[in-house]
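Before any comments, here is the structure.
Numbers for residues simply follow the sequence, beginning at 1. These numbers come from the heavy atoms of this one structure, side chains and all, not from hydrogens, waters or symmetry mates.
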Amino acid sequence: STLDELKNIQLNDPDAYYYLENDLVVTETETMNPDGIGGFKGFVPIGTEADPFIGTFDGQGHTISRLHINRPDEDYVGLFGYVNGAVIKKVGIIGENITGKRYVGGLVGLANNSSTISNCFTRGNINGVGDADRNSDAGGLVGRIDNSSTVNYSHSACNVSGINIVGGL
């Protein structure tokens, strides 16, 4: 029900079942985690390649607004950075500004191992900066989907930019 509870999902139990109790406006993510050069990195994505989110996140039809993530040197960037066999459903992300290197999405950076995303939407700006030898894998909803993961009944109205492998959804 709060930004602090959302931030603590990874610390508490990435295998649990989480409910979003109400709409969240998270403008304070714009000034979280100083980058050391006068800016801010913003929200820390939930789930990493080493410690993925493997649980269920049920938004119950609620939205998260004004999410800010500015991590141009990091892979797996989105509200959820890396999910593995996870279920994410019934949540909308509105007015987000998300920048990452590779696997960058408005909701999920990389969905792996039969993860399911359903009844979700995103509206905002997504930027996958990539690098000289690699694609950015950027998408409005999900940056990359691997290994039988699925997206159902979801949509995105994001402005998406990147280097190769860039999509709206």
From CA spacing to verdict: side chain to side chain contact (heavy atoms under 4.5 Å, CB included), T116, I88: CA-CA 6 Å; T116 301; I88 300 172; over 6 Å; no
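- Linking ILVMFWY residues whenever their side-chain heavy atoms come closer than 4.5 Å, directly or via other members, places M32 and L6 in the same cluster.
- A donor-acceptor distance shorter than 3.5 angstrom exists from the side chain of Q60 to the backbone of L20, with no hydrogens or angles considered.
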T122 vs S156, side-chain hydrogen bond (donor to acceptor under 3.5 Å, both in side chains): CA-CA, chis, key distance, verdict: CA-CA 5 Å; T122 57; S156 176; 2.8 Å; yes
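- Minimum heavy-atom separation, L141 to S154: CD2-CB, 3.7 Å.
- V142 and L169 fall within a single hydrophobic cluster, where Ile, Leu, Val, Met, Phe, Trp and Tyr are joined by side-chain heavy atoms under 4.5 Å apart, directly or via other members.
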Side chain to side chain contact (heavy atoms under 4.5 Å, CB included) evaluation trace for N127 with V129: CA-CA 6 Å; N127 183 24; V129 298; 3.7 Å; yes
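- With rounding to the nearest 0.5 angstrom, the NZ atom of K41 is 11.5 Å from the NE2 atom of H68.
- A single hydrophobic cluster is seen to contain both I9 and I117, as judged by linkage of ILVMFWY side chains at heavy-atom distances under 4.5 Å, directly or through other members.
- In summary, the side chains of D23 and H62 do present a donor paired with an acceptor at a separation below 3.5 Å, with no hydrogens or angles considered.
- The only option from N112, N135, D137 that meets the side chain to side chain donor-acceptor pair (under 3.5 Å) definition with R144 turns out to be D137.
- Ring centroid separation for the pair Y82 and F53 does not come in under the 6.0 Å cut-off.
- For the pair V77 and T99, the tightest heavy-atom approach, listed with the atom from each and the gap, is CG1-O, 3.7 Å.
- Ring to ring, Y76 and Y103 are close: their centroids are under 6.0 angstrom apart.
- With rounding to the nearest 0.5 Å, the separation of CD in E30 from CG in L67 is 10.0 Å.
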Derivation and outcome, side chain to side chain contact (heavy atoms under 4.5 Å, CB included), residues I93 and T63: CA-CA 6 Å; I93 311 297; T63 60; over 6 Å; no
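- When side chains are defined from C-beta on, F121 does not count as touching L107, because their heavy atoms never get closer than 4.5 Å.
- Scanning both residues, A111 and V108, for their nearest heavy atoms gives N-CG1, 3.8 Å.
- Inter-residue side-chain proximity for L110 and V83 is flagged as unmet; no heavy-atom pair is nearer than 4.5 Å.
- Between D73 and R71 there is no salt bridge, since none of the side-chain N atoms of the basic residue sits less than 4.0 Å from a carboxylate O of the acidic one.
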Steps toward side chain to side chain contact (heavy atoms under 4.5 Å, CB included) verdict (D35, F40): CA-CA 5 Å; D35 64 8; F40 296 91; over 6 Å; no
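- A continuous path of ILVMFWY side-chain contacts below 4.5 Å connects L3 to Y18, so both sit in one hydrophobic cluster.
- For E96 and R66, the salt-bridge test fails: no basic side-chain N is under 4.0 Å from an acidic carboxylate O.
- By the criterion of side-chain heavy atoms lying less than 4.5 angstrom apart, applied directly or through intervening Ile, Leu, Val, Met, Phe, Trp or Tyr residues, L24 is grouped together with L79 in one hydrophobic cluster.
- Considering all non-hydrogen atoms of both residues, N33 and G42 come closest at ND2-O, 2.7 Å.
- Minimum heavy-atom separation, V166 to S136: CG2-OG, 3.8 Å.
- I54 and N84 get closest at one heavy-atom pair: CG2-O, 3.2 Å.
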